[in-house]
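Owing to the predicted nature of the structure, the values given are computational and were not obtained by experimental measurement.
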Amino acid sequence: MSPRKANMESSIYLGSDGWWHGRVTMGVKDDGSPDRRHRRARTEAEVRRKVRELEALRDKGRAPKAGRKPTVEEWMTTYLTDIASLKLKPRSLDDYWSKTRNDIIPGIGKHRLDKLEPEHLERMYRAMLDEGHAPSHVLKVHRILSRALKIAHRRRLIVENVATLVDPPTADEPEANPFTSEEARAFLEAAAKRPTFMRWCVGVGMGFRQGETLGLRWSYVDLDRELFYPEWQLQRLTWRHGCEDPHACGARFHRFEPCPPDCTAHKGYKRGCPEPCPKDCTKHARACPQRKGGGLVFTRPKTKKSRNAVPIPPPFIPYLREHKARQEQMRAAAGELWQEHDLVFSRPDGRPLDPRQDWEEFKELLAEAGIEDRRLYDGSRHTAGTVLNELGVDMPTIMEILRHTQISQTRRYVKGRSHLSKDAMRRVGDYFMPRPRPTTETRTETRDSRAERARRRRRIR
């Protein structure tokens, strides 16, 4: 009988190097040559176990593709450049890139994709928490990595998505802190002294997001029908290099040594001195002569529901018409310097309002109104949802006004008030408990006198 192995049958033998070797036929490569995988071990039993595992993956159709697997850094670059960029919104893609460069690549970037273990992820998460990152930040990194590994598993680059074997940190959702009715009025009274008064009326009274408010255009405002159409939003995106060599392009901005303790170059930086550049730094795209895709840009809202028409409160209409007339006066005063963007809220020369300056103005208005510090979302969307709830508006209607896709999301934006809870419990008490009978002075005297007469009769007897 011929010693030749049958098709798809594996081979196991002891090599001259003292190791046991196994050869498994997995199929055919893209170039037509046989796809033979190699496994080795110190003992025959161990190599047979590895061969059986590989054969089981082959029979189930889950065997990884042939060839050397990319590192985590190489795969994340491929995933964000060629795969995620086709689906994600520009702002979300910028956030994915930021967390990949700053957290994933420094933590596990050198590991080969097929050699990645759950312990590698757990150590990276632990190190991030020790560095002071919030659990919500670590959770976002975990989700980005898990999504990338899911695509790699789907394309048979890896046998298993190890991120599904790891329990990420639990992130507590920040508690909403909306304005009370008195605080909202005080805030708008302070804003009434500024040219941006209507911007804050729309944000606080209608619950518009910052980008939606700053990106609102007159073409999508129907004052006659009293409707806003939030079809666009203003966002700040990260610049990208348009040149062929990003590292050489930003050479004069590279700084590889950390700043001294008494650094004066970054004295005005609110977040302190920036981190030193990595050796292969490709940042500083802002200074690239061929830069692209960054700065303040108009983008579509994230979901289709976010573009639904929103009714304008009728009392807002006269103020909006007055605001539009003032803007026409600014356009005439600016003359040739006016940059037409058709914006409802703009600078004196027609350019969009800077979101950073808008955020700083919000903080200034808080101080002027005597309100404790809070997030911009608390003073806009959370406040609008809570006030609507206090006015007795049902939850589905609030969901339509805030343009949420799920009512569970709306419930997170609505916060109960203590005085409303007390009033509700008072009504519950009135419903269940009978009211106490009023005690009159006459009954008390009569009852006491009868008792007294009875006692006197007993003493006489």
### Message
Using the rule given for salt bridge (Lys or Arg N to Asp or Glu O under 4.0 Å), can you reason through Lys283 versus Glu275, listing the C-alpha separation, both sets of side-chain angles and the distance that settles it, and then say yes or no?
### Response
CA-CA 12 Å; Lys283 298 180 181 179; Glu275 294 291 329; over 6 Å; no
Side chains of [X] and [Y]: does their closest heavy-atom pair fall under 4.5 Å?
{"X": "Phe179", "Y": "Leu366", "value": "yes"}
{"X": "Lys140", "Y": "His137", "value": "no"}
{"X": "Lys89", "Y": "Gln233", "value": "no"}
{"X": "Pro70", "Y": "Thr78", "value": "no"}
{"X": "Met399", "Y": "Gln409", "value": "no"}
{"X": "Arg23", "Y": "Arg37", "value": "no"}
{"X": "Glu368", "Y": "Arg194", "value": "yes"}
{"X": "Arg381", "Y": "Gln210", "value": "no"}

When rounded to the nearest 0.5 angstrom, what is the spacing between [atom1] in [X] and [atom2] in [Y]?
{"X": "Arg199", "Y": "Leu353", "atom1": "CZ", "atom2": "CG", "answer": "8.0 Å"}
{"X": "Arg185", "Y": "Thr180", "atom1": "CZ", "atom2": "OG1", "answer": "8.5 Å"}
{"X": "Trp232", "Y": "Leu214", "atom1": "CH2", "atom2": "CG", "answer": "16.0 Å"}
{"X": "Leu402", "Y": "Asn308", "atom1": "CG", "atom2": "CG", "answer": "12.0 Å"}
{"X": "Trp75", "Y": "Leu80", "atom1": "CH2", "atom2": "CG", "answer": "10.0 Å"}
{"X": "Ile105", "Y": "Met76", "atom1": "CD1", "atom2": "CE", "answer": "7.5 Å"}

### Task
May I ask you to check if Arg217 and Phe298 form a cation-pi contact, with NZ or CZ under 6.0 angstrom from the six-membered ring centre and within 45° of the axis?
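Yes; both conditions hold, so Arg217 lies above the ring face of Phe298.
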### Task
Establish, yes or no, whether the cationic atom of Arg403 lies under 6.0 Å from the six-membered ring centre of Phe208 and within 45° of the ring axis.
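Output yes; distance and angle both within limits.
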Aromatic rings [X] and [Y]: how do their planes relate, parallel, tilted or perpendicular, breaks at 30° and 60°?
{"X": "Phe187", "Y": "Trp200", "result": "perpendicular"}
{"X": "His323", "Y": "Trp218", "result": "tilted"}
{"X": "His247", "Y": "Phe256", "result": "tilted"}

### Message
Looking at Arg126 and Asp130, is there a salt bridge between them, counting it only when a charged N and a carboxylate O are closer than 4.0 Å?
### Response
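Here Asp130 pairs with Arg126 in a salt bridge, since their nearest N and O are under 4.0 Å apart.
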### Task
Indicate yes or no: does Asp349 engage Arg347 in a salt bridge with an N to O separation below 4.0 Å.
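Arg347 and Asp349: not salt-bridged.
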Any sub-3.5 Å donor-acceptor pair from [X]'s side-chain atoms to [Y]'s backbone N or O?
{"X": "Thr164", "Y": "Asn161", "answer": "yes"}
{"X": "Arg255", "Y": "Glu257", "answer": "yes"}
{"X": "Asp342", "Y": "Ser219", "answer": "yes"}
{"X": "Ser380", "Y": "Leu376", "answer": "yes"}
{"X": "Gln327", "Y": "Val344", "answer": "yes"}
{"X": "Ser98", "Y": "Asp94", "answer": "no"}
{"X": "His38", "Y": "Gly22", "answer": "no"}
{"X": "Arg58", "Y": "Thr25", "answer": "yes"}
{"X": "Arg374", "Y": "Pro178", "answer": "yes"}
{"X": "Arg39", "Y": "Lys50", "answer": "no"}

### Message
So if I apply the side-chain contact (heavy atoms from CB on, under 4.5 Å) rule between Tyr125 and each of Asp167, Leu139, Val166, which one comes out positive?
### Response
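Single side-chain contact (heavy atoms from CB on, under 4.5 Å) partner of Tyr125 among Asp167, Leu139, Val166: Val166.
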### Message
Out of the candidates Pro314, Pro313, Pro311, only one should pair with Glu226 under the side-chain contact (heavy atoms from CB on, under 4.5 Å) rule; please name it.
### Response
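One option only clears the test, and that one is Pro314.
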### Task
Could you go through the salt bridge (Lys or Arg N to Asp or Glu O under 4.0 Å) check for Arg326 and Glu322 one step at a time?
CA-CA 6 Å; Arg326 284 199 305 268; Glu322 183 181 349; 3.3 Å; yes
### Task
Show the numbers, then the answer: is there a salt bridge (Lys or Arg N to Asp or Glu O under 4.0 Å) between Arg331 and Glu328?
CA-CA 5 Å; Arg331 180 186 286 106; Glu328 292 294 337; 2.7 Å; yes
### Task
Decide if atom NZ of Lys363 counts as having more than 12 heavy atoms of other residues, nucleotides or ligands within a radius under 6.0 Å.
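Counting neighbours around NZ of Lys363, more than 12 heavy atoms of other residues, nucleotides or ligands fall under 6.0 Å, so yes.
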### Task
Would you sort out whether Arg49 and Glu53 count as a salt bridge (Lys or Arg N to Asp or Glu O under 4.0 Å), showing the intermediate values?
CA-CA 6 Å; Arg49 181 187 65 80; Glu53 290 178 355; 2.5 Å; yes
#### Entry: Distance-only polar pair, side chains of Arg112 and Thr71, donor-acceptor under 3.5 Å
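Note: Arg112 and Thr71 side chains miss the donor-acceptor criterion.
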